[in-house]
S.K.: 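Have a look at the structure that comes next, please.
Just so it is clear, the model here is predicted, and its values are computed rather than measured. Below, read A as the first sequence line, B as the second, and so on, with proteins coming before strands; counting in each chain starts at 1. Side chains are part of it too, since the values below use all heavy atoms of this structure and drop only hydrogens, waters and symmetry mates.
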Amino acid sequence: AACWTAGHPAPYLHLARTFDLVEREKGKIKTTAMLCNMFRSLLALSPDDVLPAVYLCTNKISPDHENMELNIGGSLVISAMEESLGTSKSKIHEMYKTYGDLGDVAQECRQNQTLLAPPRPLSVRDVYSTLRKLSAISGGGSAGRRKILVLHLIRSCREMEMKFLVRTLVRNLRIGAMMKTILPALAHAVVLHEKCSTGPVVSLEGVKSQLQSLSTEVTEAYNVIPNMDLLVPSLLCEGATFAASSLAMVPGTPIPPMLARITNGVTQALKLFHGRAFTCEYKYDGQRAQIHRLTDGSVQIFSRQMKDSTSRFPDLVNMIKELCNSEVASFILDAEVVGIDRNKGNRLMSFQELSSRERGSKNSSIAIQNIKVDICVFVFDIMFCNGQR
DNA sequence: CCTGATGCGTC
DNA sequence: GTCGGAC
DNA sequence: GTCCGACGACGCATCAGG
């Protein structure tokens with residue numbers, strides 16, 4: 001039951017209605033089916049909206065390593081709500097204490113509001129591109145310019161769009177569905193879309209196994225290259241023949257880290273090995289770092305959350321470049337960066353001291369001569385080297 | 001130029 | 001990082 | 001047991017407002 005016509009931009013309402021269904025349903029199989037249906041409509045009527053929809057579903061606006069942030073929080077949203085919903089800040093704060101969710105507050109305010117004219121409909125791509133615009137705003141008067149964009153969005157909301165738009169703006173979508181639900185839903189949609197349009201009659205068992213296998217492929221592909229800008233176009237182009245092997249691990253795109261597991265203590269852990277030889281690693285009190293060297297010789301550093309931290313560690317970048325054997329073309333290392341006091345017998349410093357380092361930002365690295373906390377690095381894994389593994 | 005508010009990322 | 005709920 | 005989202009402490013970056 002699509003609510004728009006082929007070739008036109010999909011309305012944001014299409015997403016909001018799906019979110020509303022998904023939020024009420026707690027069973028994972030059913031929520032996957034709902035999201036799958038939503039994607040099937042997009043595939044059939046406006047496939048260009050699939051990528052923006054994936055981003056809106058997962059509450060992201062770009063791959064993690066591009067460090068794109070909205071720079072919007074509850075404060076600015078409340079201020080925009082006050083202006084566009086005719087409710088005072090104090091009333092909003094009061095309602096927030098009761099509801100515990102700013103999106104629910106906004107929805108409630110909207111329902112008590114009488115509109116003179118119906119809002120101009122929001123499309124999926126408009127919402128997404130406005131979020132990208134918001135992230136690009138900076139400098140003097142930036143709060144005001146952000147607020148104008150937010151006001152436009154809020155004033156255009158229909159039905160339950162308000163709830164999910166506001167939740168998106170404060171980055172708390174709360175639909176209980178992230179990558180582990182969205183990716184299978186998208187994969188299922190691609191399979192069913194093909195079955196529908198090309199139409200050879202296949203057995204129920206055949207379809208089920210195709211759903212399962214494409215779902216696995218897409219999930220594996222995301223675990224190697226967590227970048228929807230690359231994955232979605234590739235998936236749409238190849239359809240059910242999409243294979244994870246078509247995307248390879250590439251320096252410059254961070255890999256989701258295998259986090260160290262918690263155990264019940266040394267004795268318990270030792271039992272797992274039955275006296276066989278093993279290695280262990282000290283738990284350093286620093287910051288996780290994934291170190292990439294690209295084939296062009298450049299070096300990039302990523303955090304545990306796969307954010308680009310290169311601008312924070314120019315000294316580490318130089319260390320790596322100097323240590324590099326020229327015949328090593330490219331690699332990905334898993335490591336821990338720890339603060340170190342080279343004037344006091346190389347004493348390792350606490351996490352807190354390391355964290356007092358300057359941070360730089362998206363476009364500017366910190367100055368190497370201003371660095372007050374030296375660092376050292378403990379490498380504990382080589383995840384990739386010259387195209388291997 | 002300084003200070004507080006706001007937003008973000010790390011553990 | 002910790003905690004507690006859902007499975 | 002495992003997963004995952006909510007939560008907290010702390011520090012830096014940026015901007016508004018004086």
Side-chain angles (χ1 to χ4, degrees), chain A residues 22-23 25-32 58-62 64-80 89 93 99-103 131 134-147 150 167-183 219 223 254 256-265 268-269 271-272 283-290 301-313 335-339 348-367 370-373 375:
Chain A
V22 168
E23 183 186 19
E25 173 61 54
K26 54 183 178 179
K28 189 171 171 195
I29 294 162
K30 287 184 181 171
T31 59
T32 305
T58 54
N59 217 353
K60 298 172 184 291
I61 55 173
S62 77
D64 293 313
H65 68 272
E66 289 183 13
N67 294 18
M68 269 197 163
E69 303 308 325
L70 287 182
N71 296 313
I72 283 181
S75 183
L76 189 143
V77 173
I78 286 175
S79 154
K89 274 197 175 75
H93 276 110
Y99 288 76
D101 182 300
L102 207 49
L131 296 181
L134 280 167
S135 82
I137 294 176
S138 69
S142 56
R145 280 177 282 145
R146 286 197 193 97
K147 188 170 164 183
V150 172
R167 288 183 184 181
T168 294
L169 290 173
V170 297
R171 285 164 317 286
N172 183 23
L173 196 54
R174 306 201 321 137
I175 58 171
M178 284 306 285
M179 285 306 173
K180 287 201 161 135
T181 309
I182 303 296
L183 292 175
T219 303
N223 286 335
M258 206 274 284
L259 303 175
R261 315 298 297 165
I262 300 168
T263 77
N264 290 324
Q268 198 67 25
K271 284 179 188 166
L272 292 172
K283 168 72 170 63
Y284 295 104
D285 187 21
Q287 188 176 327
R288 190 76 168 271
Q290 211 175 90
I301 315 291
F302 298 99
S303 74
R304 177 165 69 165
Q305 326 295 341
M306 298 185 286
K307 300 291 182 189
D308 190 333
S309 303
T310 312
S311 67
R312 185 160 147 75
F313 299 110
E336 185 89 1
V337 173
V338 185
L348 292 184
M349 299 163 81
S350 68
F351 164 75
Q352 205 115 14
E353 291 172 285
L354 173 64
S355 115
S356 76
R357 233 185 193 240
E358 287 187 82
R359 296 182 184 174
S361 54
K362 196 160 175 287
N363 298 315
S364 68
S365 171
I366 67 171
N370 290 347
I371 289 176
K372 297 190 179 58
V373 180
I375 53 167

S.K.: Between CZ of A:Arg171 and CD of A:Glu69, what distance do you get to the nearest 0.5 Å?
M.R.: 7.0 Å

S.K.: Measuring from atom CD of A:Gln290 to atom NE2 of A:His65, what distance do you get when rounded to the nearest 0.5 angstrom?
M.R.: 11.5 Å

S.K.: Check the distance between D:dA6's C1' and A:Arg167's CZ and give it to me in whole angstrom.
M.R.: 14 Å

S.K.: Contact class for A:Asp64 (heavy atom, under 4.0 Å): base, sugar-phosphate, or nothing?
M.R.: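 The answer is nothing, as A:Asp64 stays clear of every strand by at least 4.0 Å.
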
S.K.: How does protein reach along nucleotides 10-18 of chain D, written 5' to 3' as B (base within reach of a heavy atom under 4.0 Å), S (only sugar-phosphate), or - (no contact)?
M.R.: SBSSSSS--

S.K.: Does the A:Ser309 side chain pair with the main chain of A:Phe302, one donor and one acceptor, at a distance under 3.5 Å?
M.R.: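 Not confirmed, A:Ser309 side chain does not pair with A:Phe302 backbone.
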
S.K.: Whole angstroms only, please: what is the NZ-C1' distance between A:Lys180 and D:dG5?
M.R.: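 Whole-Å distance recorded here is 13 Å.
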
S.K.: For DNA chain B, which nucleotides open and close the run of contacts to chain A, 5' to 3', at under 4.0 angstrom from a non-hydrogen atom?
M.R.: B:dT6 to B:dC11

S.K.: Counting any heavy atom closer than 4.0 Å, what does A:Lys28 reach on the DNA or RNA strands: base, sugar-phosphate only, or nothing?
M.R.: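 Here A:Lys28 touches no strand at all.
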
S.K.: Have A:Ser350 and A:Glu353 got a donor and an acceptor in their side chains that come within less than 3.5 Å?
M.R.: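 The criterion, which ignores hydrogens and geometry beyond distance, is satisfied for A:Glu353 and A:Ser350.
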
S.K.: Using a cut-off of 4.0 Å on non-hydrogen atoms, how would the nucleic acid contact of A:Leu76 be classed: base, sugar-phosphate, or nothing?
M.R.: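 Sugar-phosphate, no base atom in range.
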
S.K.: May I ask you to decide if A:Ser355's main-chain N or O and A:Arg359's side chain share a donor-acceptor pair within less than 3.5 Å?
M.R.: yes

S.K.: First locate atom CG of A:Leu76, then atom OG of A:Ser142, and finally report the distance between them rounded to the nearest 0.5 Å.
M.R.: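 It comes to 9.0 Å.
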
S.K.: Are any side-chain N or O atoms of A:Thr32 and backbone N or O atoms of A:Lys28, one a donor and one an acceptor, separated by less than 3.5 Å?
M.R.: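 At least one qualifying donor-acceptor pair exists.
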
S.K.: Measure CE/A:Met178 against P/C:dA6 and give the value in whole Å, please.
M.R.: 20 Å

S.K.: Please report the C-alpha distance between A:Glu66 and A:Lys60 in whole Å, then the side-chain angles of each, then the deciding distance to 0.1 Å, and finally whether the side-chain contact (heavy atoms from CB on, under 4.5 Å) criterion is met.
M.R.: CA-CA 11 Å; A:Glu66 289 183 13; A:Lys60 298 172 184 291; over 6 Å; no

S.K.: Do A:Arg174 side-chain atoms and A:Arg167 backbone N/O form a donor-acceptor pair below 3.5 Å?
M.R.: no

S.K.: Take atom CD of A:Gln305 and atom P of D:dG5, then tell me their distance rounded to the nearest Å.
M.R.: 12 Å

S.K.: Please tell me which of A:Asp285 and A:Gly73 maps to the more 5' nucleotide of DNA chain B, matching each residue to the nucleotide holding its nearest heavy atom.
M.R.: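 Its nearest nucleotide being more 5', the pick is A:Gly73.
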
